[in-house]
J.: 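Encoded as structure tokens, here's the structure I'll be asking about.
Naming: A, B, ... by sequence-line order, numbering from 1 per chain. Scope of the values below: all heavy atoms of this structure, side chains included, with no hydrogens, waters or symmetry mates.
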Amino acid sequence: MKLFAYAAAALTAMSVAAAADALEDRQNLMKERGSLMRILAPIAQEKQPFDAATVLDALEKMNANAQATTDVAALWPEGSNTGDTESSPKVWEDMAGFQAANDKFAADTAAAVAAAPQDLAAFQAVFRPVASNCGSCHEAYRM
Amino acid sequence: MSRSGKFLLSLAVLALAGVAAFWFASAPQPLDDAALAELEGGDAGRGEQIFWAGGCASCHAAPGATGDDRLVLVGGVRLETPFGNFVAPNISQHPQDGIGGWSAGDLGNAMLRGVSPAGEHYYPAFPYGSYTRMKPGDVADLHAFLITLPEVEGKAPQSEIAFPFSMRRGIGLWKMLFLNDEPVVALDNPSETIARGQYLVEGPGHCGECHTPRNALGGLDRGQWLAGGPAAEGGGRVPNITSGEGGIGDWSEAEIADLLETGFTPDFDSVGGSMASVIRNMAELPSSDRDAIAAYLKAIPGHPDGS
């Protein structure tokens with residue numbers, strides 16, 4: 001019986017730790033997106049010169065990030081909705097919709113990488129749908 | 001009459017006087033004839049700009065509406081607050097379900113005084129506490145624009161408001177305490193740009209309704225103007241948009257204007273929640289208006305994060 005209680009306590013501790021890890025992991029993923037946007041957005045806005053290699057490198061990193069984030073069950077497990085998080089309760093109320101939003105972002109970043117834009121106009125055309133995911137997903141799933 | 005009889009009588013008279021004073025003080029106060037006359041001759045083209053500046057679509061279009069659906073004013077957005085759950089009504093041109101029969105004067109009374117055509121108070125979830133600072137001509141223009149929008153059938157669900165807030169007449173007392181069409185911030189000789197920003201932020205833009213903390217009676221705490229704090233609606237915190245600690249003091253005016261157009265912060269974070277819809281409104285304005293809002297936010301007193 002005692003053993004069972006220890007095991008239960010250990011399991012609870014582990015799931016609390018897992019939730020904290022997931023929270024940190026997803027925040028790091030979001031922060032990386034911000035730093036990649038800092039490279040890509042000024043080029044799209046024509047505040048920085050277009051360079052195909054720089055753009056493709058950032059798009060590839062963004063795509064790797066987006067693909068990693070499609071595992072929403074691991075990154076937003078039950079119990080990771082409290083503490084230092086701005087994830088909206090809607091993430092857990094509407095997991096299917098949240099999964100779809102992440103899948104769409106991943107599909108858009110994959111398409112941008114596949115396009116491998118060679119000039120500003122081509123980059124702007126693939127970047128616009130990528131960037132529009134930020135606002136639409138944050139509107140629904142972030143406080 | 002016995003002594004106790006006299007006592008009871010004077011108590012009854014006092015109670016009646018109290019009721020009469022409450023009834024008098026809490027009476028809805030519609031616009032007078034001179035003010036109504038200023039609402040004539042609105043221009044629909046200018047009114048569209050007021051529509052976006054006023055953020056009408058954020059509550060009165062269907063929840064999550066985008067593109068042209070933001071002009072379909074069927075209502076239905078819920079605001080969950082400590083006073084109850086408010087549901088934004090249909091303000092399309094439908095004659096029964098919407099506001100199809102409204103004159104410019106009716107719209108003026110609603111927006112500038114918080115009074116319905118039937119002469120009742122509106123709940124201040126409808127942000128007339130800010131709209132009351134609008135120029136009557138702008139309300140007239142907005143009316144001219146609204147009547148060009150489609151009729152949409154269907155009433156939004158009823159609001160669910162807890163007692164005692166369910167007594168509408170009590171809002172008259174709330175108005176005595178908090179409804180005031182004077183500028184919020186006293187600015188010393190503001191430039192034309194800053195003055196325009198002040199009008200947009202304190203009036204139609206109604207930024208303070210979310211970005212300023214509220215007291216226990218639901219009035220804005222003007223000592224913490226735009227300092228953010230716990231969200232009055234939904235959950236989480238609303239950011240401090242002054243230059244005080246925790247705020248946006250290290251943002252340039254251009255960065256603030258950029259956020260209002262694109263939704264991206266200087267760190268390329270992207271705003272979420274109800275601000276995403278506000279950005280869609282702000283993006284419709286001329287860039288000079290976004291610049292004006294930015295200039296005003298830089299000109300007002302800084303406060304640490306509100307509470």
J.: For the interface with chain B, which of A:Arg33, A:Glu86, A:Arg38, A:Met30 has the highest count of heavy-atom pairs at distances below 4.5 Å?
T.: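 Answer, by heavy-atom pair count under 4.5 Å with chain B: A:Arg38.
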J.: Hey, which of B:Val238, B:Thr262, B:Asp269, B:Thr66 has the most heavy atom pairs under 4.5 Å with chain A?
T.: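 Greatest number of close heavy-atom pairs with chain A: B:Asp269.
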J.: Parallel, tilted or perpendicular for A:Phe50 and A:Phe123, by the 30°/60° rule?
T.: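 Geometry flag for A:Phe123 against A:Phe50: tilted rings.
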J.: Does the pair A:Asn63 and A:Glu60 meet the rule for a side-chain hydrogen bond (donor to acceptor under 3.5 Å, both in side chains), with working shown?
T.: CA-CA 5 Å; A:Asn63 184 43; A:Glu60 280 171 346; over 6 Å; no
J.: Hey, does the side chain of A:Tyr141 reach the backbone of A:Ala101 with a donor-acceptor pair shorter than 3.5 angstrom?
T.: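 A pair under 3.5 Å: no.
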J.: Select, from B:Gly272, B:Gly263, B:Gly273, the one with the greatest count of heavy-atom pairs under 4.5 Å involving chain A.
T.: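 Looking at each option in turn, the highest pair count goes to B:Gly273.
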J.: Check this for me: A:Gln45, atom CD, are more than 12 non-hydrogen atoms of other residues, nucleotides or ligands nearer than 6.0 Å?
T.: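 Yes, the 6.0 Å shell around CD holds more than 12 heavy atoms from other groups.
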J.: Taking side chain as everything from C-beta outward and backbone as N, CA, C, O, which of these in B:Arg280 sits under 4.5 Å from a heavy atom of chain A? Side chain, backbone, both or neither.
T.: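 The answer is the side chain of B:Arg280.
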